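Scroll down for the structure; my scribbles are underneath it.
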Amino acid sequence: MPDPTDAADRTDAAEPDPDATNDLGRPRSGRPGAPAPAFTRRRLITGVAGLGALSAAGAAAWRLLDDGSGPPSWLPSPHASTPVGGATAAPSLPPGSLKEIPEDLLTIFGAPGTFGDLGSASRIDVVDVPGWGFGPGQAGFMSAVAADGTVFIGTTPFTDDQSKLTGTGMELGLFEPEGRRFTRLVIPSSTGREAQPRADPAFAGIGGGDVSDVIVVPAPAGEEGERAVFTSLMPYYNWDVRTYGQLPAFGQLRRGGPGGAWRYDPGLSRTADALAGTLEPHIAATAFPVIYQGQPRSPRGPASIARLPRSGHLVVAQYLGTGYGGTENGALMVLGLDGRVRAYWQYPQVRPLGVQVVVNPREVAADPTSEADDERFVLISDCRGADYVTHPFPIQEFSYQASTGRIIPRSTAVRAVQDGSRMETAGFGADGTLYVARTKADGLRADRLAVYPKLGRERGLVTRTPATGNWPVATWGQDNRPDFLVANTDRGGLVRSLTVDPTTGTVLLAGLDGLVTAVRPAGRGSRMTFRTLDPVDVGLDHLRGPATRYVGIRRGAVDARRRVLWLPVNQMVLDGIRWPYPPFKLDQWLLRVNLDVLLRE
């Protein structure tokens with residue numbers, strides 16, 4: 001049974017204060033709304049233990065463009081990352097709480113001879129794929145799936161920190177299940193180079209960039225099929241641009257006709273310099289700043305991308321600030337598939353109760369029920385204090401107006417409960433219901449799934465906590481208790497993947513320790529109920545390597561037509577080896593979950 005919380009406020013949502021938005025200089029409109037609930041010191045969450053160093057956040061930002069000699073004097077020394085990127089042991093749950101693995105439920109694909117104890121010591125099928133392998137220093141990351149069944153896998157460093165690269169170039173993994181064919185797709189630079197080593201010899205040949213997110217979108221009018229689009233939080237790592245060129249901050253792949261191969265399209269991809277060229281100079285100076293003369297513009301860490309359903313435009317979370325002398329907060333932008341920036345919004349300075357908070361936008365998710373010229377999406381941000389102590393992460397709802405090129409905050413940034421827990425990752429159901437996976441205050445264990453259904457035209461994020469007045473000071477960080485907190489979803493490690501099966505509406509959660517949990521919702525709005533199925537252990541501990549390595553799951557992708565959930569399984573070293581070190585290879589895998597078997601009663 002669900003665990004209901006406060007009833008949803010059914011009143012009409014108020015328009016946000018136009019002075020709290022930031023757009024591309026177009027006319028502003030709107031009216032002030034009703035005052036938000038009072039914000040007290042008791043409602044303000046305190047800093048929590050958790051990630052020792054957020055990906056590319058805080059002191060790590062200086063590494064993006066410096067010469068490797070050390071952080072500037074105006075930043076404290078970076079803290080070591082804590083090992084949170086994978087599982088080192090099997091899930092610890094009471095006997096009988098795990099679902100027995102039925103036949104044909106789980107299959108894992110990878111290079112021959114890399115499956116540890118799986119296959120022989122478990123009911124998980126293993127499939128050898130000749131030619132499977134990512135490049136040196138590249139771990140599997142976010143995934144997406146095309147209509148033809150191709151699975152795209154982005155890449156991240158072995159450090160799980162894009163500011164501490166471990167590879168030699170930029171690449172994606174492409175897997176075609178029907179032919180059991182894996183392709184390592186290396187993205188060439190603007191000068192055609194497939195490796196871009198950093199100039200400083202102390203970095204042992206490290207270079208290239210990450211692929212922080214990848215999604216599949218319909219091709220624009222007049223073009224058949226789909227495109228795969230990706231972002232790179234770190235497309236430049238202080239190499240000689242004259243020789244090695246530039247890598248894209250925003251890239252696109254297209255298929256070479258029916259049955260053809262997926263290929264990188266440099267004509268549709270954009271560097272930060274090219275993106276800046278689509279803006280007025282005074283806006284480009286902030287959206288894509290020149291941090292060091294003679295080096296490419298900073299793309300400010302494009303970390304996550306989502307397609308807006310009515311316009312087809314793409315909203316992107318820019319994780320990083322503008323550099324020395326500017327803001328440490330990240331930003332949002334909207335791109336067209338033509339590579340032109342359609343909207344830009346700088347996250348304002350946040351000082352609830354006078355306490356400065358640094359906001360790094362990390363994840364965006366779009367509402368499929370959005371209306372024309374009011375396309376809704378939510379943002380989850382990593383947050384820290386001026387003392388570099390991690391704060392619980394909030395969620396916030398925004399609107400995009402394609403006709404005016406404006407990004408408008410509709411809700412303030414909120415937490416579900418003021419207990420140190422944080423919003424981790426989010427997704428929407430087909431009816432506009434928002435599901436948010438949460439993490440306990442320790443930063444490692446899952447907390448109960450939060451649910452904000454759409455009631456009429458709005459969710460409780462907006463009706464209960466609208467972005468009115470001076471929201472970055474007056475209401476930022478307050479609690480907005482979900483309409484439902486789903487029982488039995490707080491077992492195992494923090495949720496790395498939240499996806500929704502469009503056929504059944506089932507919410508699929510995959511945790512740090514390899515637990516996969518399905519939640520079956522029923523009903524609509526305030527009358528929703530939920531049934532949480534027993535979790536399945538996918539056996540990450542059987543893949544475990546030496547003590548210096550970690551094995552974990554990243555964001556999956558649902559192939560509704562073939563009834564499959566794909567989950568990248570990566571292997572990293574995190575801080576098991578002192579960084580930087582020469583690039584080397586580690587085994588990576590891809591897990592297939594048969595949804596019909598998983599959801600069978």
Side-chain angles (χ1 to χ4, degrees), residues 2 4-18 20-21 29-39 306 308-311 315 332 334 345 363-381 394-404 406-417 423 426-436 438 449-469 471-472 474-486 500 505 507 521 523-528 530:
T5 65
D6 301 334
D9 184 349
R10 302 296 185 91
T11 59
D12 293 336
E15 291 288 335
D17 182 352
T21 67
S29 62
R31 59 181 176 82
F39 192 64
L308 297 163
R310 301 301 294 267
S311 64
V315 59
L332 293 168
V334 174
W345 185 83
E363 178 183 305
V364 285
D367 178 3
T369 65
S370 295
E371 300 177 10
D373 232 24
D374 183 18
E375 296 182 278
R376 298 297 181 92
F377 64 93
V378 294
L379 168 69
I380 293 178
S381 300
I395 194 167
Q396 188 169 9
E397 185 165 336
F398 289 80
S399 172
Y400 168 61
Q401 291 182 349
S403 63
T404 61
R406 298 178 66 207
I407 298 171
I408 306 168
R410 293 293 184 183
S411 80
T412 190
V414 301
R415 287 99 181 209
V417 185
M423 305 298 211
F428 283 93
D431 61 354
T433 297
L434 173 63
Y435 301 97
V436 188
R438 301 166 54 238
L449 180 73
V451 182
Y452 295 92
K454 193 169 185 179
L455 304 171
R457 298 183 62 181
E458 297 288 359
R459 281 165 290 272
L461 286 181
V462 175
T463 57
R464 294 193 288 268
T465 50
T468 54
W471 61 265
T475 59
W476 193 96
Q478 73 178 59
D479 61 293
N480 184 321
R481 194 162 176 83
D483 300 84
F484 304 95
L485 289 169
V486 181
V500 179
V507 182
R524 295 177 65 89
S526 60
R527 296 182 179 274
M528 293 185 74
F530 306 87

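These numbers were taken from a predicted model, which means no experiment stands behind them.
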Could you state the interatomic distance from CZ (Phe377) to CD1 (Ile407), rounded to the nearest 0.5 Å?
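Between atom CZ of Phe377 and atom CD1 of Ile407 there are 5.0 Å.
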Mind checking the OG1-CG spacing from Thr465 to Asn480? Nearest 0.5 Å is all I need.
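One finds 4.0 Å between OG1 of Thr465 and CG of Asn480.
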Pairwise side-chain contact, [X] with [Y], heavy-atom cut-off 4.5 Å (strictly under):
X	Y	value
Glu375	Phe398	no
Val334	Trp345	no
Tyr435	Pro521	yes
Val417	Asp479	no
Tyr452	Arg481	no
Arg438	Leu449	no
Val378	Val436	no
Leu485	Phe530	no

Carefully, step by step, assess Arg410 and Glu458 under the rule salt bridge (Lys or Arg N to Asp or Glu O under 4.0 Å).
CA-CA 10 Å; Arg410 293 293 184 183; Glu458 297 288 359; over 6 Å; no
By side-chain contact (heavy atoms from CB on, under 4.5 Å) - contacts of Pro453 (at least two apart)
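Partners of Pro453 by the side-chain contact (heavy atoms from CB on, under 4.5 Å) criterion, ordered by chain and then number, come out as Thr433, Val451, Leu455, Asp483, Phe484, Met528.
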Taking only residues two or more places apart in sequence, or in another chain, which ones meet Thr412 in a side-chain hydrogen bond (donor to acceptor under 3.5 Å, both in side chains)?
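Partners of Thr412 by the side-chain hydrogen bond (donor to acceptor under 3.5 Å, both in side chains) criterion, ordered by chain and then number, come out as Thr475.
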Under the rule for side-chain hydrogen bond (donor to acceptor under 3.5 Å, both in side chains), what residues qualify as partners of Asp374, not counting sequence neighbours?
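With sequence neighbours excluded, Asp374 shows a side-chain hydrogen bond (donor to acceptor under 3.5 Å, both in side chains) to Arg376, Ser399, given in chain and number order.
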Go through the steps to decide whether Asp367 and Arg459 satisfy the test side chain to side chain contact (heavy atoms under 4.5 Å, CB included), and finish with yes or no.
CA-CA 11 Å; Asp367 178 3; Arg459 281 165 290 272; 3.0 Å; yes
Which atoms form the tightest heavy-atom contact between [X] and [Y], and what is the distance?
X	Y	result
Pro368	Phe428	CD-CB, 3.5 Å
Ala426	Ile395	CB-CD1, 4.1 Å
Ala467	Pro409	CB-O, 3.5 Å
Ser311	Tyr400	OG-CE2, 3.8 Å
Trp476	Ala413	NE1-CB, 3.2 Å

Should Val507 and Val486 be marked as a side chain to side chain contact (heavy atoms under 4.5 Å, CB included) after you check the CA-CA gap, both sets of side-chain angles, and the distance that decides it?
CA-CA 11 Å; Val507 182; Val486 181; over 6 Å; no
Using side chain to side chain contact (heavy atoms under 4.5 Å, CB included), reason through Asp373 and Thr404 one step at a time and then give a plain yes or no.
CA-CA 9 Å; Asp373 232 24; Thr404 61; 5.5 Å; no
Apply side chain to side chain contact (heavy atoms under 4.5 Å, CB included) to Gln396 and Trp471, showing your working.
CA-CA 12 Å; Gln396 188 169 9; Trp471 61 265; 3.3 Å; yes
Is a donor on one side and an acceptor on the other found under 3.5 Å between the side chain of Asp431 and the backbone of Lys454?
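Between the backbone of Lys454 and the side chain of Asp431 there is no qualifying donor-acceptor contact (under 3.5 Å).
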Please check if the side chain of Arg415 supplies one atom and the backbone of Met423 the other of a donor-acceptor pair under 3.5 Å.
no
